[in-house]
Enquirer: 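My questions will all concern the structure given below.
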Amino acid sequence: MTGSKSGKTHIIVVGNEKGGSGKSTSAMHIVVSLLERGFRVAIIDLDARQKSLARYIENRAAYAEQYNLKLTMPDVHILERSEGGSTAEMEQQDEENFAALIEGLSGKHDYILIDCPGSDSYLSRQAHISADTLITPLNDSFVDVDLLAKVNPDTYQVEKLSLYSEMVWEARKMRAMKDRGTIDWIVMRNRTSALDAKNKRRVHDVLTQLQKRVAFRYVPGFGERVIYRELFPKGLTLVDFKSGGREKMTMSHVAARQEIRRLMDDLKLPGWEKAAVAAAE
Ligand SMILES: Nc1ncnc2c1ncn2[C@@H]1O[C@H](COP(=O)(O)OP(=O)(O)OP(=O)(O)O)[C@@H](O)[C@H]1O
Ligand SMILES: [Mg+2]
């Protein structure tokens, strides 16, 4: 299976400088969705302190072994920040390490998914510049929206862009200079709750305003569901839940699977639709 029509490895970056917005959880569900459709996927965990995505996958391998299951697995890489020397020297080293890793993986995989830490780093910027698709999960709160734009407290109008949007703007410029490439930026909501309809509506309105101004595509994403928190120790995703499998499917799980499927369709990744047709034949 080839990730894009041109056969080029497609780079997906999951990033947001806000910690705990659901980057690693979303990343894992995207990775397993791609693997299930037969794509070859490598992951790079740039959060070398927490290693949440790499650990999620370690748990998956252990669970598969324990119950003698055949679970799809990505190729896992963790890239540490370089240490020692001046800031300029460390940045130079980071840049070289990042480029070497991408070059080594390109061509061998259809997709490379990079999970970024919840704070700014030079490596994370390199990842953003290389992204073909950038996915930013956002919790349903104005604390999260604040990293994209300052919002007027009375009118909820967008006043100016803030840190993260400016960083993506810079990354887009750098990318255009590097290889004339473009970054398809998707902002997805995560942990939306049916309980706080007013806030949900306001966040929706602000993101709708912002998407034109900052040039991202705003998509619904995932609801708040206990199951997302429970899956990590087993290394499973909702994509792995199958009828007759070890895990019991509830109505909430069915709804969650639909959310994931919808997100995957919304991402418009190269080869995604075609792979579905091929699998059905
Ligand atoms: N849709 C959801 N419903 C319920 N819980 C969720 C959902 N998405 C993520 N979580 C939980 O929220 C917490 C943070 O999620 P996650 O680790 O994916 O975020 P992150 O952005 O990668 O964090 P960090 O910035 O620390 O890397 C985890 O405990 C996770 O299980
Ligand atoms: Mg994470």
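Note that the structure is a prediction, hence the values are computed from the model and not measured. Counting starts at 1 for both ligands and their atoms, following the listed order.
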Enquirer: Which residues and atoms, protein N, O or S only, are under 2.8 Å from the Mg ion (ligand 2)?
Expert: Ser24 OG
Enquirer: Do Ser33 and Arg261 have a side chain donor and acceptor closer than 3.5 Å?
Expert: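 Checked: Ser33/Arg261 side chains show no N/O donor-acceptor pair below 3.5 Å.
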Enquirer: Are Lys18 and Asp144 ion-paired here, with the side-chain N under 4.0 Å from a carboxylate O?
Expert: yes
Enquirer: Can Val13 be reached from Leu148 by stepping across I, L, V, M, F, W or Y side chains whose heavy atoms are under 4.5 Å apart?
Expert: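 In one cluster with Leu148: Val13, yes.
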Enquirer: Are Val31 and Ile135 linked, directly or through other ILVMFWY residues, by side chains that come within less than 4.5 angstrom of each other?
Expert: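 Yes, one cluster joins them.
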Enquirer: Using the rule given for salt bridge (Lys or Arg N to Asp or Glu O under 4.0 Å), can you reason through Arg125 versus Asp120, listing the C-alpha separation, both sets of side-chain angles and the distance that settles it, and then say yes or no?
Expert: CA-CA 8 Å; Arg125 284 178 189 231; Asp120 184 30; 2.8 Å; yes
Enquirer: With hydrophobic residues grouped by side-chain heavy-atom distances under 4.5 Å, do Ile12 and Leu123 end up in a single group?
Expert: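 Result: no, two separate clusters.
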Enquirer: Determine the sole option in Arg202, Lys200, Arg189, His204 for which the side chain to side chain donor-acceptor pair (under 3.5 Å) test with Asp140 is passed.
Expert: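 Per the side chain to side chain donor-acceptor pair (under 3.5 Å) rule, the option paired with Asp140 is Arg189, out of Arg202, Lys200, Arg189, His204.
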Enquirer: Between ligand 1 and the protein, give all atom pairs where both partners are nitrogen or oxygen and the distance is under 3.5 Å, as lines of names plus distance to 0.1 Å.
Expert:
from: ligand 1; atom 1: 1 (N); to: Asn190; atom 2: OD1; distance (Å): 2.9
from: ligand 1; atom 1: 1 (N); to: Gly223; atom 2: O; distance (Å): 2.8
from: ligand 1; atom 1: 3 (N); to: Arg225; atom 2: N; distance (Å): 3.0
from: ligand 1; atom 1: 3 (N); to: Arg225; atom 2: O; distance (Å): 3.2
from: ligand 1; atom 1: 8 (N); to: Asn190; atom 2: ND2; distance (Å): 3.0
from: ligand 1; atom 1: 12 (O); to: Arg191; atom 2: NH1; distance (Å): 3.0
from: ligand 1; atom 1: 18 (O); to: Ser24; atom 2: N; distance (Å): 3.4
from: ligand 1; atom 1: 18 (O); to: Thr25; atom 2: N; distance (Å): 2.8
from: ligand 1; atom 1: 18 (O); to: Thr25; atom 2: OG1; distance (Å): 2.5
from: ligand 1; atom 1: 19 (O); to: Gly22; atom 2: N; distance (Å): 3.0
from: ligand 1; atom 1: 21 (O); to: Ser21; atom 2: N; distance (Å): 3.0
from: ligand 1; atom 1: 21 (O); to: Gly22; atom 2: N; distance (Å): 3.0
from: ligand 1; atom 1: 21 (O); to: Lys23; atom 2: N; distance (Å): 2.9
from: ligand 1; atom 1: 21 (O); to: Lys23; atom 2: NZ; distance (Å): 2.8
from: ligand 1; atom 1: 22 (O); to: Lys23; atom 2: N; distance (Å): 3.4
from: ligand 1; atom 1: 22 (O); to: Ser24; atom 2: N; distance (Å): 2.8
from: ligand 1; atom 1: 22 (O); to: Ser24; atom 2: OG; distance (Å): 3.0
from: ligand 1; atom 1: 23 (O); to: Gly20; atom 2: N; distance (Å): 3.0
from: ligand 1; atom 1: 25 (O); to: Gly20; atom 2: N; distance (Å): 2.9
from: ligand 1; atom 1: 25 (O); to: Lys23; atom 2: NZ; distance (Å): 2.8
from: ligand 1; atom 1: 26 (O); to: Gln50; atom 2: NE2; distance (Å): 3.2

Enquirer: Measure the acute angle between the ring planes of Tyr228 and His29, then classify it against the limits of 30° and 60° as parallel, tilted or perpendicular.
Expert: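 Ring orientation of Tyr228 relative to His29: perpendicular.
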Enquirer: Should Val32 and Ile114 be counted in the same cluster of Ile, Leu, Val, Met, Phe, Trp and Tyr side chains packed under 4.5 Å apart?
Expert: no
